[in-house]
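One structure below.
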2 protein chains.
Amino acid sequence: MKLSLRGEYALRAMQVLAERHGGPVVSIQTLSEEQNIPKRFLEQILNDLKSSGLVESRRGMAGGYRLAMAPAAVPLASIIRYIDGALSPVSCVSERFYEKCSCPDETRCALRSVMKEVRDAVAQMMEKTTLADLIARAQKLRAVPMGPMDFII
Amino acid sequence: MKLSLRGEYALRAMQVLAERHGGPVVSIQTLSEEQNIPKRFLEQILNDLKSSGLVESRRGMAGGYRLAMAPAAVPLASIIRYIDGALSPVSCVSERFYEKCSCPDETRCALRSVMKEVRDAVAQMMEKTTLADLIARAQKLRAVPMGPMDFII
DNA sequence: ACAATCTCTATTGCATAAGTAGGGATTTGT
DNA sequence: ACAAATCCCTACTTATGCAATAGAGATTGT
C-alpha cells in the first residue's frame, strides 16, 4: 500500500517548485540540496514530470525547472498517477489503470466492493488536494511549529 | 499504492474460510481451485496466516484450514498488516511501521500531514470492515447479481 | 571559449515479489 | 499395516521493479 520513493521525491520537488512559482526557475542542484534527494535520481524524475507536462524546464547556465501551471491547478493525484501509476489498492478497481483480476466473478466480488471504497477515498483526497493546498498547509505548520511535547525542555 | 498479490490472495482465501466458518476445514486444494490461486503459493500464505494466529489448521487426509476466530472479529486490516505491512502510503505516517523520512523537517512537512489523512481514511476503512462484513456484502451482491448494463442483451 | 546547467540513454546493484520444488510429518480410510 | 491425502518446512528460482549511478551530448549566459 505504499508510494514509491520516486513518487515521494516527485511530490516534494513539486512542492518546492510550487512555493517558488512566479520566481526564477529552480535548479536540480537546489532542489536536491533542499530536499535531501539524490541529484542524479531527481534529474530522472524531473525529466518524467516534464514529459507529463506538469513542469517546464529552461536549459543552460541559469537553467532549472518551474511549474507549467498554477499550483492550484495541480492535484497531487496527477503527480502520483504519472510517476507511480494507480491510486487503487488493487488494479481491478482502478479507473485509469484497470486490469482484470483472477477472482471467479469480478462483478459479485465483495472484496472488490470494499477496495473500490478505499480507492474512492484515496482518490478523492488526492484529487481535491492541490499544490496550492500544500503551500497553505506548510504556512499553517510554520505558524504552530512545535508539537505539544516539544515544550518539555 | 498497491496491495501485493500475496495480500490479495490472503484476503480472498480468508473470505472463503469466513463463509465456511462453523463447517469442516477447507483444504488448500479447494481454496486454490475456487479462487484461482496457485496452490503451492497459497500454501505459503496460509502458513503465514497460521503463524499470525488468524487461522488454524488440521492435518491429515481430511485436513485443511479454518478461521481461528469469528469472522466479525477479524478486520481486513489485521490480514493486510500481517501479510503486506503498513497501510500508510509513506512510512513516516505509519503508526506501527514508522520510519523516519528524508525530508528536512518532518514535524512541519505539509505533505506528511496530507498523507496522514490518507492513512487515516484507509486504516479506518480497513479496520472497521471485518470478514463478517465481507460475507454480508457478498450476499447483497448475489441478490442483485448484474450491473445495469447487463440487461441490454 | 568556458562553465553550469538540462537531456537522454544505458547500466548496475539490490530488494522484493511471485512462484516452484522436494521431502517430511500427520491423519484418515481400508 | 498401508496407502492416500493432506498439511509442514525449507530452500530455490525467476522475474520484476526500485533506486541509484554513469557518461556523453545539447543549450545558454558570460
Side-chain angles (χ1 to χ4, degrees), chain A residues 1-13 17 24-33 35-68 80 82-86 89-91 97 99 101-102, chain B residues 1-13 17 24-33 35-52 54-66 68 80 82-86 89-91 97 99 101-102:
Chain A
M1 304 282 293
K2 286 222 304 210
L3 204 63
S4 72
L5 252 191
R6 197 182 175 78
E8 189 190 319
Y9 290 164
L11 290 171
R12 275 158 58 189
L17 292 186
V25 295
V26 187
S27 74
I28 291 184
Q29 182 71 31
T30 304
L31 289 168
S32 163
E33 280 170 8
Q35 289 287 322
N36 301 315
I37 300 173
K39 191 174 157 183
R40 226 57 209 283
F41 192 24
L42 181 56
E43 194 177 324
Q44 276 189 352
I45 297 167
L46 285 169
N47 234 330
D48 285 353
L49 289 171
K50 196 193 162 188
S51 318
S52 81
L54 291 170
V55 306
E56 290 168 349
S57 68
R58 186 190 152 95
R59 301 165 76 146
M61 192 160 174
Y65 293 87
R66 68 173 172 195
L67 291 189
I80 297 173
Y82 198 83
I83 297 291
D84 266 19
V90 293
S91 39
F97 299 88
E99 282 174 79
C101 109
S102 65
Chain B
M1 304 285 292
K2 283 223 302 212
L3 204 61
S4 72
L5 253 190
R6 197 184 175 76
E8 190 190 318
Y9 290 163
L11 289 171
R12 276 161 52 191
L17 292 186
V25 296
V26 187
S27 73
I28 292 183
Q29 182 70 34
T30 305
L31 289 168
S32 162
E33 280 170 8
Q35 288 290 321
N36 302 316
I37 300 173
K39 191 175 158 183
R40 228 54 210 284
F41 192 24
L42 181 56
E43 195 177 325
Q44 277 188 349
I45 296 168
L46 285 168
N47 235 332
D48 285 354
L49 289 171
K50 196 191 162 188
S51 319
S52 82
L54 290 170
V55 306
E56 289 168 349
S57 68
R58 184 192 153 95
R59 300 165 75 147
M61 191 158 174
Y65 294 87
R66 67 171 172 199
I80 296 174
Y82 197 82
I83 298 291
D84 265 20
V90 292
S91 37
F97 300 88
E99 281 174 82
C101 108
S102 65

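Atom set for the values below is all heavy atoms of this structure, side chains included, hydrogens, waters and symmetry mates excluded. Lettering follows sequence order; numbering is per chain, from 1. It should be emphasised that the depicted structure is a prediction, and the values quoted were computed from it without experimental measurement.
Listed pair Tyr65(B) / dC8(D) meets the phosphate criterion, a side-chain N or O lying under 4.0 Å from OP1 or OP2.
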Please walk me through it: do Asp48(B) and Arg6(B) pass side chain to side chain contact (heavy atoms under 4.5 Å, CB included)? CA-CA 11 Å; Asp48(B) 285 354; Arg6(B) 197 184 175 76; 2.5 Å; yes
Kindly determine whether Val90(A) and Lys2(B) satisfy side chain to side chain contact (heavy atoms under 4.5 Å, CB included), including the steps that lead there. CA-CA 6 Å; Val90(A) 293; Lys2(B) 283 223 302 212; 5.9 Å; no
Between Glu43(B) and Lys39(B), is the salt bridge (Lys or Arg N to Asp or Glu O under 4.0 Å) condition met? List the steps. CA-CA 6 Å; Glu43(B) 195 177 325; Lys39(B) 191 175 158 183; over 6 Å; no
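Side-chain proximity of Arg59(A) to dA19(D), dT27(D), dC8(D): nearest is dT27(D). Listed nucleotides dT21(D), dC8(D), dA5(D) differ in distance to Ser57(B); the shortest reach to its side chain belongs to dC8(D).
Summarising the geometry, the separation between CZ on Arg58(B) and P on dC8(D) is reported as 12 Å, rounded to the nearest angstrom. Taking atom CG of residue Asp48(A) and atom P of nucleotide dC18(D), one finds them 12 Å apart after rounding to whole Å. In this entry the distance linking NZ of Lys50(B) with P of dT6(D) reads 17 Å, nearest Å. Distance, Lys39(B) NZ to dC7(D) P: 8 Å, rounded to whole Å. With rounding to whole Å, Asn47(B) atom CG is found 10 Å from dC7(D) atom P. Rounded to whole Å, atom C1' of dA20(D) lies 16 Å from atom CG of Asn36(A). The nearest whole Å value for the distance from the CG atom in Leu49(B) to the C1' atom in dC8(D) is 15 Å. The separation between Met1(B) atom CE and dC18(D) atom C1' is 17 Å, rounded to whole Å.
A donor-acceptor contact under 3.5 Å links the side chain of Gln44(A) to the base of dT21(D).
Between Ala62(A) and Arg40(A), the one whose closest nucleotide on DNA chain D sits nearer the 5' end is Arg40(A). Place Met61(A) and Pro38(A) on DNA chain D by their nearest nucleotides, and Pro38(A) ends up nearer the 5' end. Mapped onto DNA chain C by nearest heavy atom, Gly60(B) and Ser4(B) fall at different nucleotides, with Ser4(B) at the one closer to the 5' end. The residue among Phe41(B) and Leu46(A) whose nearest nucleotide of DNA chain C lies closer to the 5′ end is Leu46(A).
Distance check, rounded to the nearest 0.5 Å: CD1 of Ile28(A) to OH of Tyr65(A) gives 4.0 Å. Taking CG from Leu5(B) and CG from Asp84(B), the interatomic distance works out to 9.5 Å, rounded to the nearest 0.5 Å. To the nearest 0.5 Å, the span separating CG on Leu49(A) from CG on Leu11(A) amounts to 9.0 Å. The distance from the CZ atom of Arg58(B) to the CZ atom of Arg66(B) is 8.0 Å, given to the nearest 0.5 Å.
Here chain A contacts DNA chain C (any atom closer than 4.0 Å to a heavy atom, that is under 4.0 Å), and the contacts span dA4(C) to dA10(C) from 5' to 3'.
When every heavy atom of Ala62(A) is checked against every heavy atom of Val25(A), the shortest pair comes out as O-CG2, 3.4 Å. Between Ser32(A) and Ile37(A) the shortest heavy-atom distance is OG-O, 2.7 Å. Listed here is the closest heavy atom pair of Leu31(B) and Ala13(B): CD2-O, 4.0 Å.
Among the atoms of the strands shown, only primed sugar atoms or phosphate atoms (P, OP1, OP2) are found under 4.0 Å from some heavy atom of Gly63(B).
Near DNA chain D, meaning a heavy atom under 4.0 Å away, the residues from residues 24-32 of chain B are Ser27(B), Ile28(B).
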